[in-house]
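One structure below.
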Amino acid sequence: MTEKLWGGRFDEKTDEGVEAFTSSINVDKRLYPYDIDGSIAHCRMLAKCGIITAEEASTLTQGLEAIRLEIQKGQFGFSDRLEDIHMHIESRLAELVGAVSQKLHTARSRNDQVALDVRLYLKDASRQVLSGLAELRKTLVGLAVKYIDMIMPGYTHLQRAQPVLFSHHLMAYYEMFERDAARFAEGMTRIDVMPLGSAALAGTPHPIDRHFTAGLLGFSKVSENSIDSVSDRDFMIEFLSSASICMMHLSRFSEELVLWSTAEFGFIELSDAFATGSSIMPQKKNPDVPELIRGKSARVFGSLVSLLVLMKGLPLSYNRDMQEDKAPLFDAADTLTSCIHIFNRMLSRMNVRSQVMGDAVLCGFMNATDMADYLVARGMPFREAHGCAGKAVAYALKNKKELHDLTLDEMKSFSGLIGDDIFQFLTPRAMIDRRRSWGGTATDNVRDAIQRAQEALKKETF
Ligand code: ARG
């Protein structure tokens, strides 16, 4: 006989090495508020269904609340011997309230209990991510309003391509983070399913009311199949998938900030509060925060892959392998939340060098497409116009000039269709404001997009 909760069947003591090896308490102790909420709801349901008395329920609830306080105050003793958070709470409850504590585990098992705890945890984590993403989008919209007049080179292949509004570039990230938020909100509908009462895997003979428990815990749905309930980890994988996509966006944005803060680009300067120096090179100001966000994206992708690999070979239903789901899940959720938060603060304090960005647009022949478009508007077929503008670029290159530095006569030598309005036509502002197609970079379009975003953000609730 051993002191373990399953001691009845065992003659020998558990090997100490095995206790340490199988213990997950260091990882899952943070589930304690959810475990206690779940147990209190379970106990109220048991009383409502006449499985335990109201008095027993109240004793159990008081014991559970006392444990909550002990843990909050750091007075609770954790030990590998008790394996996980469920066992810790149950065994402390026995110390506090005596024999009645043994009734709490009626009609449930740790298999449905852990599924419940993680679902409650992920609801909170998703809400936190959603609120962080809303803050980040607010910052982006704020910057887009502030810099609405600023022009920057737009890139393809990291080569200067066509001028765009800096705000248009920022609003591209707004779109990405808006899709991320939609993914987390959508994932919430699958997290929001109550598994408790599925017991070990087959359900329970006790006359429980799972819908009542769900109502108490704020779940919209009750899981349909007890086997699926204890073996489903899709909702975690979905969360990690959304987290990975979001980190990929943060990482791309970080990469741009790293590039933009180089002497080569010089488009931005990170606030001193978000950069670090070098221990050897006194002149250095390093963009460690965006670099680390870029680096931390790898951890989150790793967590997604961990869970996929963890689950892919498991037969139904619960298997102990699944205990390994929590470390990567918590790590990814913590990483994502802190990255969103710090990225947002860094972004709102970065200095933007409008002059450098604006000047960058004036070299690199970013108006060559527009010269061709000018000719097309005057009746020249596009292929021929492309050739004409190409010749103008070659000529200008040879003479170390930009297209807008050519004289009107030089311009006219490429086509008789060219008039003196060509230079106005080729200014960055004119190029931008002509791109009025839906979603294009024209200032009016961007203003409208900003307004739509502001209205959408006003409606956000968590
Ligand atoms: N610590 C376990 C986990 O995280 C809880 C469930 C254990 N169930 C069991 N039958 N051993 O998965």
Side-chain angles (χ1 to χ4, degrees), residues 2-10 12-15 17-39 42 64 67 71 76-94 102 104-125 191 193-204 223 226-237 239-240 303 306-334:
T2 73
E3 72 216 41
K4 295 275 189 248
L5 292 167
W6 57 75
R9 188 211 177 286
F10 285 69
E12 276 189 76
K13 264 187 90 168
T14 316
D15 180 273
V18 169
E19 276 183 340
F21 183 75
T22 54
S23 166
S24 58
I25 188 61
N26 282 333
V27 173
D28 60 31
K29 65 167 106 172
R30 66 190 282 176
L31 290 176
Y32 83 87
Y34 309 109
D35 200 73
I36 291 173
D37 288 346
S39 289
H42 184 63
L64 288 162
I67 294 173
I71 302 180
F76 190 93
F78 291 102
S79 133
D80 276 348
R81 281 183 31 256
L82 288 171
E83 212 172 279
D84 57 24
I85 189 62
H86 326 296
M87 299 289 229
H88 273 80
I89 292 176
E90 202 181 320
S91 102
R92 180 68 183 135
L93 192 63
Q102 301 194 1
L104 178 62
H105 217 49
T106 315
R108 75 171 187 189
S109 91
R110 279 188 295 156
N111 298 351
D112 53 346
Q113 198 178 347
V114 73
L116 172 73
D117 292 3
V118 177
R119 284 174 183 275
L120 287 169
Y121 157 81
L122 263 192
K123 277 184 164 197
D124 274 356
I191 297 170
V193 180
M194 210 289 296
L196 203 68
S198 301
L201 82 160
T204 171
S223 61
S226 59
I227 298 177
D228 182 47
S229 307
V230 297
S231 64
D232 171 25
R233 296 294 181 267
D234 296 3
F235 63 100
M236 295 190 204
I237 293 173
F239 179 90
L240 291 172
S303 293
S306 283
L307 252 76
L308 286 169
V309 177
L310 175 70
M311 295 306 293
K312 81 185 241 316
L314 293 188
L316 299 182
S317 59
Y318 178 82
N319 299 272
R320 190 63 181 273
D321 316 44
M322 286 151 86
Q323 180 167 291
E324 293 297 315
D325 58 6
K326 280 172 281 304
L329 179 71
F330 295 158
D331 185 69
D334 293 344

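Just so you know, ligand 1 is whichever comes first in the structure, and atom 1 is the first atom listed for that ligand.
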Which of the atoms of ligand 1 are close to [X], meaning less than 4.0 Å from one of its heavy atoms?
X: S24; result: 1 (N)
X: V114; result: 4 (O)
X: K326; result: 3 (C), 4 (O), 12 (O)

Legend entry - S23 backbone acceptor or donor facing D80 side chain under 3.5 Å: no
Inset, instruction - Report yes or no: does H86 contribute a side-chain atom to a donor-acceptor pair with the main-chain N or O of N111 at less than 3.5 Å? - result: no
Inset, instruction - Considering heavy atoms of the protein only, find what lies nearest to atom 7 (C) of ligand 1 and give residue, atom and distance to 0.1 Å. - result: Y318 OH, 3.4 Å
Inset, instruction - Considering only non-hydrogen protein atoms, determine which one is nearest to atom 11 (N) of ligand 1 and report residue, atom name and distance to 0.1 Å. - result: R110 NH2, 3.5 Å
Inset, instruction - Check the pair K326, D117 against salt bridge (Lys or Arg N to Asp or Glu O under 4.0 Å), reporting the backbone distance first and the verdict last. - result: CA-CA 11 Å; K326 280 172 281 304; D117 292 3; over 6 Å; no
Inset, instruction - Look only at interatomic distance and state if N111 has a nitrogen or oxygen under 3.5 Å from any nitrogen or oxygen of ligand 1. - result: yes
Inset, instruction - Enumerate the residue pairs fulfilling salt bridge (charged side-chain N to carboxylate O under 4.0 Å, His left out) with a member in residues 227-236, sequence neighbours excluded, ordered by first and then second residue. - result: R119-D232, R233-D325
Inset, instruction - Considering non-hydrogen atoms only, spot the tightest contact between E83 and H88 and give its length. - result: N-CE1, 4.3 Å
Inset, instruction - First locate atom CD1 of I71, then atom CD1 of I36, and finally report the distance between them rounded to the nearest 0.5 Å. - result: 4.5 Å
Inset, instruction - Using heavy-atom distances, let me know which of D84, V27, V230 sits nearest atom 5 (C) of ligand 1. - result: D84
Legend entry - Any E83 heavy atom less than 4.0 Å to ligand 1: no
